[in-house]
Amino acid sequence: MDPFLEKFFPVVFRKKNDAGQNNYCKYDNQGLSAFTSSLYLAGLVSSLVASPVTRNYGRRASIVCGGLSFLAGATLNAAAVNLEMLILGRIMLGVGIGFGNQAVPLYLSEMAPAHLRGALNMMFQLATTLGIFTANMINYGTQHIKPWGWRLSLGLAAAPALLMTVGGLLLPETPNSLIERGHAEEGRRVLERIRGTADVDAEFTDMTEASELANSIEHPFRNILEPRNRPQLVMAVCMPAFQILTGINSILFYAPVLFQSMGFGGSASLYSSVLTGAVLFSSTIISIATVDRLGRRKLLISGGIQMMVCQVIVAVILGVKFGTDKELSKSYSIAVVVVICLFVLAFGWSWGPLGWTVPSEIFPLETRSAGQSITVAVNLFFTFVIAQAFLSLLCAFKFGIFLFFAGWITVMTVFVHVFLPETKGVPIEEMVLLWRKHWFWKKVMPDLPLEDGWTADDSTNPRK
């Protein structure tokens, strides 16, 4: 919004309105990038702090901490009088993201029955995409309120923050967390309540055994580096990194900037970003409906192929029809928006939700909070890097930025095909057996000790 740029980023405001400025470089400003990326750097640090809080005080405690941080950040941003106050508010929002992203996927994975875990875990992504769409709609509306519409836009973040805080206080704690912290009977009561039956002996036994093992581990971050946890560690690093390297955050963060760089007017660019937000939200519903039927691998691979094709098409259109000082024709502008929407559609039913779902469901209890912290930290690190670098990359690579992301999408699609086993319908407590059956990971993991005459790699083991 022009009043926002004029107040906090006057250099960008002047470049934006300079007709002779290179289209790709109008928004290349490290201060503006820092406004976006500071949130994610703070989230990275706080996600590591959130791990011991989540493990020692429960999943609810981290959710409430996240909500309170969001409230503080929204207040600071809405009342900002200088850039320092604005960025401090963004940092507080980042702390909220670190705690929320650490605890919420864990909470969902642990509360859900195995056959519904994928779909219920994706409610996290669905809520995220609904938030993005709502934020875009708010921005589209508040741009007409001058000169203080930006304050209303940033301040309204307090509404979901309040909902998250109050909701966190009212939610029951997960059975896994209660058992892990020594409240076994309460954990069983919660388990019976959420399963709707008293016949939970088998699941409760699995949780108790996993908890005993978890409590024997004093240093989960050190334990996660052991060879037996190598497959999960690789996925906890690669899945969130690849999720960001699709380029989705660049499109969602900078959609108005991106579309304005292509020659769209201010209102049209915001309208286009609203459209991409709506597509992202609706596509997540597709994923919820299919993930536990088709499985994780099929969605990730098919989504990767569609995203790669879309990135290449956009690069070709911009490379052939769009220069540094001219605008796209109306027909080509529409084509770019349609292809970007197809890209967002593919992300929304594949890497968007599954980039969180897969890492949250593959760790044993003793390393689960540490594993989730690593997942969140890696996600936020790459989000920070891309957010900070994107405007400069756009200026340097021009249309080649889309080919840059297409290359990464190719790499990640091959990675899933080769290294990720299907986790659909596998109970979390038995996930370790899945890795021991995989053609590659079974070579990396050490044999389990003998138990009643069997090894975990013995094909006649009843548990297999």
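Hydrogens, waters and symmetry mates play no part in the numbers below; they use all other heavy atoms, side chains included.
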Separation of [Y] [atom2] from [X] [atom1] (nearest 0.5 Å):
X	Y	atom1	atom2	result
Leu393	Ile401	CG	CD1	4.5 Å
Leu300	Lys298	CG	NZ	13.0 Å
Ile374	Leu225	CD1	CG	7.0 Å
Thr208	Glu203	OG1	CD	10.5 Å
Leu345	Ile286	CG	CD1	5.0 Å
Thr129	Ile285	OG1	CD1	7.5 Å

[X] vs [Y] side-chain heavy atoms within contact, under 4.5 Å:
X	Y	value
Val64	Leu68	yes
Trp349	Leu299	yes
Arg188	Asp201	yes
Arg90	Thr36	yes
Arg228	Ile224	no
Gln232	Pro364	yes
Met85	Asn82	yes
Thr174	Glu180	no

Mark yes or no for whether [X], through its side chain, and [Y], through its backbone, hold a donor-acceptor pair below 3.5 Å.
X	Y	value
Arg151	Ala80	yes
Glu173	Ala61	no
Arg297	His417	yes
Arg60	Leu169	yes
Arg296	Glu422	no
Arg230	Met445	no
Gln372	Ser51	no
Ser211	Met207	no
Ser287	Ser283	no
Thr142	Ile138	yes

Considering all heavy atoms, the nearest [X]-[Y] contact:
X	Y	answer
His438	Leu420	NE2-N, 4.4 Å
Ile362	Thr423	CG2-CG2, 4.2 Å
Thr413	Ile301	CG2-O, 3.8 Å
Leu354	Pro359	O-CD, 3.9 Å
Ile340	Thr276	CG2-CG2, 4.0 Å
Leu86	Asn77	O-OD1, 2.8 Å

Can you label the angle between the [X] ring and the [Y] ring as parallel, tilted or perpendicular, going by 30° and 60°?
X	Y	value
Phe133	Phe281	parallel
Trp150	Phe8	perpendicular
Trp441	Phe419	tilted

Worksheet entry | From CA spacing to verdict: side chain to side chain contact (heavy atoms under 4.5 Å, CB included), Ser46, Phe99 | CA-CA 7 Å; Ser46 65; Phe99 275 88; 4.3 Å; yes

Item to complete: Check the pair Met307, Phe405 against side chain to side chain contact (heavy atoms under 4.5 Å, CB included), reporting the backbone distance first and the verdict last.
Response: CA-CA 9 Å; Met307 285 190 291; Phe405 289 124; over 6 Å; no

What do you reckon, is [atom1] of [X] surrounded by more than 12 foreign heavy atoms closer than 6.0 Å?
X	atom1	result
Phe4	CZ	yes
Met137	CE	no
Trp408	CH2	no

Response to the item:
Partner of Phe415 under ring-ring contact (aromatic ring centres under 6.0 Å, His included), picked from Phe242, Trp351, Phe440, is Phe242

Worksheet item: Salt-bridged, Glu6 to Lys146, with N to O below 4.0 Å?
Response: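 The answer is no: the pair does not qualify as a salt bridge.
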
Worksheet entry | Glu185/Arg189 salt bridge by N-O under 4.0 Å criterion |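 No, this pair does not count.
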
Fill in: Of Ser177, Ser62, Ser47, Ser373, the residue whose pairing with Thr54 passes side-chain hydrogen bond (donor to acceptor under 3.5 Å, both in side chains)
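Only one of Ser177, Ser62, Ser47, Ser373 forms a side-chain hydrogen bond (donor to acceptor under 3.5 Å, both in side chains) with Thr54, namely Ser62.
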
Discussion item. Checking Arg55 against Arg181 for the side chain to side chain contact (heavy atoms under 4.5 Å, CB included) test, could you report, in this order, the C-alpha distance in whole Å, the side-chain angles of both residues, the deciding distance, and whether it holds?
Written reply: CA-CA 8 Å; Arg55 187 181 187 196; Arg181 291 184 290 126; over 6 Å; no

Practice prompt. Kindly indicate, with the supporting measurements, whether the criterion side chain to side chain contact (heavy atoms under 4.5 Å, CB included) is fulfilled by Phe70 and Ile97.
Written response: CA-CA 8 Å; Phe70 277 127; Ile97 283 181; 3.7 Å; yes

Fill in: Donor + acceptor pair across side chains of Gln30, Ser392 (<3.5 Å)
yes

Worksheet entry | Check: Phe343 ring centre within less than 6.0 Å of Phe402 ring centre |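 No, too far apart.
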
